[in-house]
Structures are given as C-alpha cells and as structure tokens.
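On a predicted model such as this, the values are computed, not experimentally measured, just so you know. All heavy atoms count here, side chains included; hydrogens, waters and symmetry mates do not.
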Amino acid sequence: MVLALNVFLMGRRSNKTPFYYPVYKRILENSFTYCSKPEHADILVFGTSADFLDCSGMILECMATNPNIKITVVSEEPYWDMLWGGDFSVRSQSILIEGEEIKYTYLNHSTSNIFSFLKIPYFITTDNNFFSRYAMLFSRNSKLNRSEIESRWRQYEYHYAAMAQYRRGNEFDSVRESLDVYGLSDIRTRLTEALASDSSFVMGKGWPQSQVRQSLVDWHLDKLSCLDKKSRFISALENTHQVNYISEKIFDAFALLSVPIYFASDLHRIHELVPKSAFFNLYDQELDSAVMGIKRFNLNREFLDQYMHAQEQLKDIFCNTEHLDGERARVCNALIDEFKGLST
C-alpha cells in the first residue's frame with residue numbers, strides 16, 4: 001500500500017529507527033518516499049526528542065515552509081526514553097523551540113504497538129546476521145546432552161563475563177513502576193564490580209579493558225567469537241527493563257552456551273520465549289544475595305532440563321525464516337497504520 005507520504009530522517013540518532021535499517025528500508029520504500037531535503041517532507045522522523053535542540057533551526061525552517069509538516073519520534077530505545085523522554089507514556093507532546101510550541105508524536109514501546117513482537121523481538125530483526133548466527137548456534141547447542149553441557153561448564157575459563165559500558169548514578173537507576181519500566185545500567189555495573197575477579201572477563205567503555213564496541217566492524221561477531229563456550233555466566237542485563245524490549249543480549253548468552261543473568265518481571269515477554277527457570281533472574285533480588293547466588297551456583301538436573309528446553313525453543317524460533325519475515329511485515333504494517341493516522 002502506497003501512502004504517498006514523504007519522510008525525512010532527522011537528528012544523529014535517527015539511525016536507530018526502523019526507517020534507517022536497510023532490511024526495513026527496502027520494505028518501507030513501497031509505502032513511503034524518503035526525501036533528500038527536509039523541507040519537502042510530510043513527516044520529520046527522529047529517533048529521540050534529545051535531538052530536537054540540535055536540529056531546532058532546521059525544524060523551524062521546515063515549519064515555515066510547510067505549516068502542515070508533522071514531527072514524530074520513533075524510539076526503539078527505552079533507555080533514551082528514560083533519560084530524555086519526559087513522560088514517555090504520552091503520545092502527543094510538545095516542546096518550546098525559540099519561544100514557539102512545536103507539537104510532535106512520540107511512538108515508543110509504551111505508546112504504540114510497533115515493538116510488540118509476535119515471535120522475534122524487534123531489535124533482532126534489524127540485521128540478518130542476528131538471525132543466521134542464532135540459527136547456527138542454537139542448532140549446535142540443541143544437539144548436546146546433559147552430560148556434555150555439564151562437562152563443558154566445568155572446563156570454562158571464566159565464571160562471569162560482561163560486555164557493557166560502565167554506568168553508575170541515579171540517572172541510570174530510575175523507575176516507572178506503573179509502566180513496569182526500570183533503568184538497569186547502574187545495577188548492571190554494580191553487579192559486574194562485585195563479580196570482577198581473575199576468573200571473570202569484563203570489557204566495555206569505562207572499564208580497564210575499555211572499548212567502544214559499536215566502533216568495531218562487526219561488534220556482534222566479535223562478542224560471539226570472544227566468549228563462545230568460555231564463561232559459565234554472561235551478563236545479559238538490558239539498559240532498561242520494558243516488557244516488550246529484548247535486545248540481543250540474552251540470546252547471545254544462550255547461544256554462547258552460558259547461563260544468562262537477566263532481569264525480568266513476571267510480565268516480561270522473555271518468559272514467552274524461554275522457560276523462567278532457564279536463566280538467573282535478578283528481579284526482586286537484593287544485589288548481595290544475587291552475587292552470592294551466582295558465586296555458589298551449581299548445575300543441577302532440574303536447571304539443565306530447563307536450559308536444554310530453552311535451547312530447543314530458541315532453535316525452533318531462529319530456524320524458521322517465516323518468523324523473521326512475518327515480524328518485519330508486522331513492524332512495517334504497524335508503522336504504516338501509525339503514520340496514516342498522523343497524516344489525517
């Protein structure tokens with residue numbers, strides 16, 4: 001369906017929207033025209049409201065040229081919503097730019113169904129490499145029996161591994177309990193500090209082994225190569241807990257044949273994808289008791305059965321390309337519906 005809507009991606013974080021990723025752009029070009037000049041757009045698309053001020057002059061120029069132009073934030077990052085989104089549960093918002101009220105629509109995990117996945121969480125659909133790598137690794141893992149997994153576990157080089165940026169402070173620990181949204185960067189950092197030792201592997205910006213992983217040619221393949229079958233536990237904590245938000249982190253940990261450390265309330269949708277008892281859940285745990293539980297953790301038959309079941313479930317998800325195609329179609333249809341509403 002062609003909407004005959006012209007869109008322009010504005011702001012440096014607009015590369016974190018479905019409109020930017022090549023796998024989505026190829027589909028969305030059937031329904032939208034990507035403008036080369038913002039003043040020709042019907043809708044300006046931002047990845048976060050934090051980019052408004054950097055683009056304030058251009059926004060005002062576009063509105064002067066086209067008073068009917070619409071502005072929308074399509075935010076795939078609950079972390080940015082928590083930092084900069086104000087009341088990010090509200091769709092219709094406004095901001096003052098040089099004394100002029102600019103109205104915009106905020107589309108995110110809380111205000112739209114764009115990211116309410118069916119089989120595969122949105123972020124995993126943005127790059128074919130996630131799907132193909134998981135298909136291979138979960139197929140491999142699902143062939144292992146209980147004794148083989150247990151034997152490998154005992155021989156691992158590390159007890160704990162984490163690849164994440166060092167972030168401490170109240171701004172990374174905020175809570176919107178009514179939305180079941182929690183900032184996790186602070187507790188993720190404190191957990192790693194508590195578990196860092198000679199038997200751990202820690203890398204990321206701000207740590208002694210400092211590295212901005214997204215600057216690598218293929219940061220995901222680097223992680224898989226670095227930690228495959230090497231660590232008993234891998235931190236899979238998201239930047240933010242939101243029931244529909246699941247990034248690559250927990251899938252990486254399972255794929256690498258490690259036990260994921262995660263944070264998921266009973267409403268979190270990870271429980272639809274793997275058994276609740278197949279990972280170490282920090283939710284409703286004090287940090288000290290969680291650290292002790294990780295240090296003293298032993299594989300037992302009950303856990304291994306659930307863990308192996310998780311590997312089978314993930315193999316079934318990622319070895320069926322219809323799941324990937326269907327999820328991308330769902331995201332695009334949701335975007336079309338949302339933008340159709342913006343244009344009327």
Side-chain angles (χ1 to χ4, degrees), residues 1-81 83-86 88 90-116 122-123 125-128 214 324-325 327-344:
M1 172 184 159
V2 178
L3 290 181
L5 282 179
N6 302 318
V7 297
F8 183 85
L9 306 190
M10 186 174 285
R12 66 185 183 91
R13 299 177 183 89
S14 62
N15 64 342
K16 291 289 188 177
T17 70
F19 284 96
Y20 179 83
Y21 298 102
V23 293
Y24 274 110
K25 187 175 181 181
R26 283 193 291 270
I27 303 172
L28 291 170
E29 282 177 330
N30 295 321
S31 300
F32 298 92
T33 298
Y34 284 67
C35 293
S36 59
K37 296 182 178 181
E39 61 268 24
H40 295 162
D42 298 304
I43 301 177
L44 302 178
V45 180
F46 287 82
T48 171
S49 57
D51 286 347
F52 285 170
L53 294 181
D54 290 340
C55 302
S56 58
M58 194 176 297
I59 292 172
L60 293 174
E61 287 178 16
C62 290
M63 296 194 72
T65 303
N66 178 10
N68 294 319
I69 199 168
K70 301 293 193 303
I71 299 174
T72 182
V73 172
V74 182
S75 173
E76 67 177 43
E77 290 278 359
Y79 172 68
W80 292 348
D81 296 337
L83 284 181
W84 306 314
F88 57 85
V90 177
R91 284 172 60 95
S92 298
Q93 301 205 21
S94 64
I95 186 173
L96 283 177
I97 297 180
E98 297 184 16
E100 184 171 348
E101 184 184 27
I102 306 298
K103 295 181 179 180
Y104 64 96
T105 302
Y106 205 148
L107 303 176
N108 57 33
H109 287 72
S110 300
T111 64
S112 76
N113 66 358
I114 294 170
F115 306 106
S116 301
Y122 161 76
F123 184 68
T125 69
T126 60
D127 190 320
N128 289 330
Q214 274 63 28
L324 180 61
D325 295 338
E327 192 60 42
R328 285 174 176 164
R330 186 205 63 78
V331 171
C332 291
N333 287 334
L335 277 169
I336 290 170
D337 288 343
E338 291 285 8
F339 277 61
K340 191 192 308 180
L342 293 177
S343 63
T344 57

*First locate atom CG of L60, then atom OG1 of T65, and finally report the distance between them rounded to the nearest 0.5 Å.*
10.5 Å
_I want to check something: taking the side chain as every heavy atom from C-beta on, are R328 and Y24 in contact at a cut-off of under 4.5 Å?_
yes
*Using atom types as modelled and distance alone, determine if a side-chain donor or acceptor of N6 lies under 3.5 Å from a backbone N or O of D42.*
no
*Out of curiosity, R91 CZ to L342 CG, how far, rounded to the nearest 0.5 Å?*
7.0 Å
_How close do S14 and T17 get, counting heavy atoms only, and between which atoms?_
O-OG1, 3.0 Å
*For Y20, which residues count as a ring-ring contact (aromatic ring centres under 6.0 Å, His included) partner, sequence neighbours excluded?*
none
*Any idea which heavy atoms bring M63 and I69 closest together, and the distance?*
CG-CG2, 3.8 Å
Pairs under 3.5 angstrom only: tabulate donor-acceptor contacts from the side chains of residues 108-115 to other protein residues two or more places apart or in another chain.
unit_1, atom_1, unit_2, atom_2, d
N108, OD1, S110, N, 2.8
N108, OD1, T111, N, 2.9
N108, OD1, T111, OG1, 3.2
N108, ND2, F88, O, 2.9
T111, OG1, Y106, O, 2.6
T111, OG1, N108, N, 3.0
S112, OG, N108, O, 3.0
S112, OG, I114, N, 3.3

*For Y122, all residues meeting side-chain hydrogen bond (donor to acceptor under 3.5 Å, both in side chains), sequence neighbours excluded*: E76
*Near M58 CE, under 6.0 Å, is it more than 12 heavy atoms from other residues, nucleotides or ligands?*
no
*Counting only N and O atoms by type, is there a donor-acceptor contact under 3.5 Å from the side chain of Y34 to the main-chain atoms of F19?*
yes
*First locate atom CZ of R13, then atom CH2 of W84, and finally report the distance between them rounded to the nearest 0.5 Å.*
4.0 Å
*Shortest non-hydrogen separation from C35 to A41 and the atoms involved*: SG-CA, 3.8 Å
*For L44 and P38, which heavy atoms make the closest approach, and how far apart are they?*
CD2-O, 3.8 Å
*With rounding to the nearest 0.5 Å, note down the distance linking NZ in K70 to CG in L5.*
9.5 Å
*Say whether, by atom type as modelled, one donor and one acceptor occur between the side chain of T72 and the main chain of T105 under 3.5 angstrom.*
yes
_Closest contact, heavy atoms only, L28 versus P18_ = CD1-O, 3.9 Å
*So, for S49 and V73, which heavy atoms are closest and what is the spacing to 0.1 Å?*
N-CG2, 3.9 Å
*So, T126 side chain and F123 main chain: donor-acceptor pair closer than 3.5 Å or not?*
yes
*Answer with yes or no after comparing the ring centroid distance for F52 and Y104 against a 6.0 Å cut-off, counting only values under it.*
yes
*asked:* Run Y21 and T125 through side chain to side chain donor-acceptor pair (under 3.5 Å) and show every step you take.
replied: CA-CA 10 Å; Y21 298 102; T125 69; over 6 Å; no
*asked:* side-chain contact (heavy atoms from CB on, under 4.5 Å), that's the test. Do R12 and D51 meet it? Break it down for me.
replied: CA-CA 7 Å; R12 66 185 183 91; D51 286 347; 4.1 Å; yes
*Verdict with reasoning, F46 to I59, per side-chain contact (heavy atoms from CB on, under 4.5 Å)*: CA-CA 11 Å; F46 287 82; I59 292 172; 3.7 Å; yes
*asked:* Just verifying a value: how many Å separate I95 CD1 and K103 NZ, rounded to the nearest 0.5 Å?
replied: 14.5 Å
*CD1 of I43 to CZ of F32: how many Å apart, nearest 0.5 Å?*
7.0 Å
